[in-house]
Amino acid sequence: MKTIIRNKIFYLGFIVGVAIVSISNYTSYAHNVCSAGLDDCGWSFGFPFPMYSVGGFVSYKDINWLGLIADILFTLTISHYLSLLFKFVAFKISSRQNTINTG
């Protein structure tokens, strides 16, 4: 039963990490504002690496594949470490409760 709970906590930590990075990427996208009268307005978004660019006189739209791959790897790494942290904290809490109950 304890391993099931620890696995759920691990998955919860992973989902929280993905959600944090996804919200950061959305915030990066939402803060890109161009003035209506400005012809040479270029912007990009992505956290922590830019993964999409738009703008210029030529009106280019470009997916930065290296930035996208780096963002995916960053998300997986942060989520993995956050899930390990969640699992570690849950282990410490459960071991502390066991020592209180037995002591």
Heavy-atom nearest pair, Ser83 first then Phe14, reads CB-N, 3.5 Å
Donor-acceptor contact present, side-chain Ser79 to main-chain Leu76, <3.5 Å: no
### Task
Please answer: with hydrophobic residues joined when any side-chain heavy atoms are less than 4.5 Å apart, are Phe88 and Tyr81 in the same cluster?
no
In terms of heavy-atom contacts, Ile9 and Lys87 come closest through CG2-N, 3.9 Å
- Message: For Trp43 and Phe45, take the angle between the two ring planes, folded into 0 to 90°, and tell me which bin it lands in: parallel under 30, tilted 30 to 60, perpendicular over 60.
- Response: tilted
Open item on the list: In this structure, would Leu73 and Trp65 fall into the same cluster of hydrophobic residues linked by side-chain contacts under 4.5 Å?
Closed with: no
ask   = More than 12 foreign heavy atoms under 6.0 Å from OH of Tyr29: is that the case here?
value = no
Sorted by chain and number, sequence neighbours left out, side-chain contact (heavy atoms from CB on, under 4.5 Å) with Ile23 holds for Thr27
Check whether any side-chain heavy atom of Ile20 lies under 4.5 Å from a side-chain heavy atom of Leu82, and answer yes or no.
-> yes
Side chain Ser28, main chain Ser24, donor-acceptor under 3.5 Å = no
| query | Is there a chain of hydrophobic side chains (I, L, V, M, F, W, Y, each step under 4.5 Å between heavy atoms) that links Met51 to Leu66? | reply | no
Looking at Asp71 and Pro50, would you say the former's side chain and the latter's main chain have a donor-acceptor pair under 3.5 Å? no
Grouping ILVMFWY residues whenever side-chain heavy atoms fall under 4.5 Å, the cluster of Ile15 otherwise contains none
>> Would you say Phe49 ends up clustered with Val18 if hydrophobic residues are merged whenever their side chains have heavy atoms under 4.5 Å apart, either directly or through other cluster members?
In response: no
For Ile78, the other hydrophobic cluster members (4.5 Å side-chain criterion, sorted by chain and number) are Val21, Phe47, Phe74
